[in-house]
Amino acid sequence: MYVNSLCGSGWLQKASFLGNRSQDAGASFHQVGVCRVARHANCRASSPLRRFLAMHTRVPRNENFSKLQGGYLFPQIAQRRREYLEKHPDAALISLGIGDTTQPIPPHICAGLTQGAKKLATKEGYSGYGDGEGLYALRKSIASRLYGDRIRPEEVFVSDGAKCDIARLQMVFGSEVTVAVQDPSYPVYVDTAVMTGQTGRINADTRQYAGIVYMRCDAANDFFPDLSKTPRTDLIFFCSPNNPTGAAATREQLAELVAFARHNGSIIVYDAAYAPFIRDPAVPRSILEIDGALECAIEVNSFSKYAGFTGVRLGWTVVPSALRFADGTPVAKDFGRVMNTAFNGASNIAQQGGMACLDDEGLAEIEQLISYYLENTRILREGMESLGFSVYGGRNAPYIWVRFPGRSSWDVFTEFLEKCQVVTVPGAGFGPAGVEYVRLSAFAPREACQEAVRRIQTAFGGRPADPIAASSFQ
Ligand code: PLP
């Protein structure tokens, strides 16, 4: 009672807490476990009481954030990895997990970055804030060198990356739109939809959020959704080459998707972050190659995987001027408004790096870099196939998607970690349809991929080719 009455306001708790700290010469509230108020009450603070006594403001939490599940996938994996290393400090872990690049930025492209930085130290070369939409020369280069001038420079918005653009697009669309995602998919589409208020709560059994249409993509449908059974939504998030399945949609499949969107009056948000991995001429590098796409699709893209810019941060989004909302407003108008309000233009140094990516020398370096990762992909894919696993993706993409029928992907993740010291990504983290799969990433150094295959073959060698029988192997 006494504690309750003393702690009626957050500010009183704060004052009390600060007083305690000065008295205890820096010892924290949690270390001491006794707060000034609790001491007055002559009691040792229990955990719930301690939580109750903790300082809090009177600002309500954004309800949408309470709908989010767990942490974002990759911090969870990092946590598991840390826990494993605490128990086994000498383990030489190999990470085929997070899709982060590992190879150095090639020299010509890097020179673009360093020259960009050096220019800033000169009177003539210095620049401050730039256009929110990006450097015009870079927008022009993207339009001509990557899209063969099918789009105009004004339709290209340069940014600090595809992930950030996806979040900013959600800001444009707001909470009232309905969304469809591939299942499995890159978690950012679903999580930003939840944050924006486009969904209800998650269903504990199906692991699906109310309000999202999950378009199942698995081996049975060649990882392309059955659109004849897909209800209409305002937005369709579609990623090809796909993270995590490694599937790359063919021209016919993309034409079907565009026809579906046009028929329904929907907008496709097409994530082409892995486009440079496409080597098969039957697979388009951009959805904007498809007739009719300019009136129904936005394309987000990034230099992250093209040129090892994951840390540099540079991407772009194409919003065609022909794409309009129901009331006729060009979508580009609102996206431009967001770019100039909630963003202030990509780093001028990064943009100089982007310019270097797109000249002849830069494009040749990109091809070489991508070839390196594609060779890793081949090594991983063939290594896993040699063990009789059901292996998908990994041809026009840097990801291998391996199926373990009847098993939980977190169990398989743990088994690879403990038996091989290889970090993978559990498919369940990408959506309910990923529950029997793990993803292997080829963004590791060559020797790491070779060593990972050797370890996996040693641990799982002799595993029967029949995947059903394989599922009983522990
Ligand atoms: N889109 C997909 C499908 C991704 O897998 C990733 C990163 O892994 C991104 C976007 C993020 O791109 P960026 O680094 O440009 O934010």
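Counting starts at 1 for both ligands and their atoms, in listed order. Predicted model only: the values in this text are computed from it and were never measured.
- In Ser304, the part holding a heavy atom less than 4.0 Å from any atom of ligand 1 is the side chain.
- No close placement of the Phe416 and Tyr84 rings is indicated, their centers lying 6.0 Å or farther apart.
- Here's the thing with Arg313: one of its N/O atoms is less than 3.5 angstrom from an N/O atom of ligand 1.
- At a threshold of 4.0 Å, the pair Arg455-Glu451 counts as salt-bridged, since one of the basic side-chain nitrogens sits closer than that to a carboxylate oxygen.
- Considering both main-chain and side-chain atoms, Asp160 never comes within under 3.5 Å of ligand 1 through any nitrogen or oxygen pair.
- Listed by atom number, the atoms of ligand 1 under 4.0 Å from Ser302 heavy atoms are 13 (P), 15 (O).
- Backbone and side-chain nitrogen or oxygen atoms of Tyr189 are examined, and none is located within less than 3.5 angstrom of a nitrogen or oxygen of ligand 1.
- Taking 4.5 Å as the limit, some side-chain heavy atom of Phe238 sits within range of a side-chain heavy atom of Gln182.
- For the pair Ala162 and ligand 1, the shortest N or O to N or O distance falls below 3.5 Å.
- Of all the heavy atoms of Phe309, none lies under 4.0 Å from any atom of ligand 1, so neither backbone nor side chain is involved.
- Between Glu295 and Arg324, no side-chain nitrogen of the basic residue sits less than 4.0 Å from a carboxylate oxygen of the acidic one, so the salt-bridge criterion is not met.
- With hydrogens and angles disregarded, no donor-acceptor distance shorter than 3.5 Å links the side chain of Gln103 to the backbone of Gly308.
- The shortest distance between side-chain heavy atoms of Ser302 and Phe309 does not fall below 4.5 Å.
- Of all the atoms in ligand 1, the ones that sit under 4.0 Å from a non-hydrogen atom of Cys239 are 3 (C).
- Side-chain N or O atoms of Arg232 include one that pairs as donor or acceptor with a backbone N or O of Gly265 at under 3.5 Å.
- Ranking the protein heavy atoms by distance from atom 11 (C) of ligand 1 puts Tyr186 OH, 3.3 Å first.
- Atom 7 (C) of ligand 1 has as its closest protein heavy atom Lys305 NZ, 3.3 Å.
- Of all atoms in ligand 1, listed by their number and element, those nearer than 4.0 Å to a heavy atom of Gly161 are 15 (O), 16 (O).
- Across Asn243, Thr310, Asp271, heavy-atom proximity to atom 2 (C) of ligand 1 is greatest for Asp271.
- Leu235 places a side-chain heavy atom less than 4.5 Å from the side chain of Gln170.
- For atom 5 (O) of ligand 1, the closest non-hydrogen atom of the protein is Tyr274 OH, 2.6 Å.
- Between the Gln253 side chain and the Thr250 main chain, a donor and an acceptor come within less than 3.5 Å of each other.
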